[in-house]
Number of protein chains: 2
Amino acid sequence: MTLPRETVEARMAAFREACLLKRLRLTHQRIEVFRALASSEEHPDVESIHRVVRKRIPTISPDTIYRNLKLLAEHGLVSVAGMSHERLRFDANMGPHHHFVCVKCGRIRDFTSRELQHVAFPAEARAFGAPVSMHLEVKGFCSACQKGRKT
Amino acid sequence: MTLPRETVEARMAAFREACLLKRLRLTHQRIEVFRALASSEEHPDVESIHRVVRKRIPTISPDTIYRNLKLLAEHGLVSVAGMSHERLRFDANMGPHHHFVCVKCGRIRDFTSRELQHVAFPAEARAFGAPVSMHLEVKGFCSACQKGRKT
DNA sequence: TCCCAAATAAGATAGAATCCTATTTACGAA
DNA sequence: TTCGTAAATAGGATTCTATCTTATTTGGGA
């Protein structure tokens, strides 16, 4: 919404090019879904994207939004915040700690870090308000999954 | 499961004390739910906690697990990994970036940090496997919510 | 222009989390 | 110890996000 037109247009151009390269069809729906996302800095959910796109394509279904965003995420054209249809997970470890998340098996391991303990809140983050806590999420392949990795 | 007995017992003692202080009733179910969580380092979900607790309390319902964990989380006795029943959110910003999350309104803002860009993966994280990416989540009150804060 | 695999719409379905309500229980006070 | 009551529970109903199914449409190469 508040993004400068040229940023959006640059993203759209890169998107079209990436789709051609990856042999993803440039359907009317796909383009508009990406445009709605590329025009926002709000990390929107499917419902709000649907609301926006419906102005141009009144019959578009939520499933099309889901399907396209999932496809684009698999191709590295958009990113997903939040755990796709995973369950809530709990932890009795209330001390400050960070997470190592295996991108293959989903296993989460806690760790603490002396170095990080003394890192201050980044100035860029403080610009948004009053930081309270800081949590690092390291993604990678855990030792077990590392062995059976194909790449 | 693999946690030393004394760690679990220490957590149980602290839990009982905290409940007395906060006037939370020490029901059989609540105690066993917490014990199951405090005995694990797997960040278990409700289903696996339910499986464990059912050995001691065969009639316990999943709702009781949910209700207690939610209550304990509100009182700062356990923590929740993942976004509590929130929707998937998407982002067209594919460059490396971090998140500032407002704990009140839930708004997410992106930021990049020159300092953090060059921080290496912590040794403690590398011990678990092969790190690929690193993402920082700063939680706090955004400027807008900061004003109307009561505390 | 033709062809067909890919994509879509719309409704059905799955499944996690929450709500509802009658019953039970923890625990403070008498 | 007993009693009273607000809090907590069990179990089924409900909500709601995300995915699946299937008949139809369409992008884009030949």
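Computation of the quantities below employed the complete heavy-atom set of this structure, encompassing side-chain atoms and omitting hydrogens, waters and symmetry-equivalent molecules. Letters A, B, ... are given to chains in the order of the sequence lines, protein chains preceding strands, and every chain is numbered from 1.
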Expressed as a whole number of angstroms, how long is the span from [X]:[atom1] to [N]:[atom2]?
X	N	atom1	atom2	answer
E32(A)	dG27(D)	CD	P	13 Å
N68(B)	dA26(C)	CG	P	13 Å
L88(A)	dT17(D)	CG	P	15 Å
L24(B)	dA8(D)	CG	P	7 Å
I65(B)	dT18(C)	CD1	P	13 Å
I57(A)	dT26(D)	CD1	P	12 Å
R87(B)	dA16(C)	CZ	C1'	15 Å
L20(B)	dG28(C)	CG	P	8 Å

TODO: Mark yes or no for a side-chain to base donor-acceptor pair under 3.5 Å between R25(B) and dA6(D), with no hydrogen or angle criteria applied.
DONE: yes
Any [X] side-chain N or O less than 4.0 Å from OP1/OP2 of [N]:
X	N	answer
T27(B)	dA7(D)	no
R67(B)	dT18(C)	no
T64(A)	dA9(C)	yes
Y66(A)	dA18(D)	yes
Q29(B)	dA26(C)	no

- [ ] Please report the shortest heavy-atom distance between N93(A) and S79(B), naming the atom on each side.
- [x]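 Where N93(A) meets S79(B) most closely, the heavy atoms are O-OG, 4.1 Å.
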- [ ] Please tell me which of the listed nucleotides, dA8(D), dA9(C), dA10(D), lies nearest to the side chain of S61(A)?
- [x]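 Of dA8(D), dA9(C), dA10(D), dA9(C) is nearest to the side chain of S61(A).
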Task: Pairing of R5(B) and E9(B) as salt bridge, 4.0 angstrom limit - done: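 A salt bridge is absent here (no side-chain N lies under 4.0 Å from a carboxylate O).
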Open item on the list: Using a strict threshold of under 4.0 Å (side-chain N to carboxylate O), is an ion pair present between R107(A) and E42(B)?
Closed with: yes
Task: H98(B)-D110(B) side chain donor-acceptor pair, cut-off 3.5 Å - done: no
TODO: Decide if atom CD of E17(A) counts as having more than 12 heavy atoms of other residues, nucleotides or ligands within a radius under 6.0 Å.
DONE: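 Counting other residues, nucleotides and ligands, CD of E17(A) stays at 12 neighbours or fewer.
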- [ ] Select base, sugar-phosphate, or nothing to describe what D63(B) touches, counting heavy atoms under 4.0 Å on all strands.
- [x] base
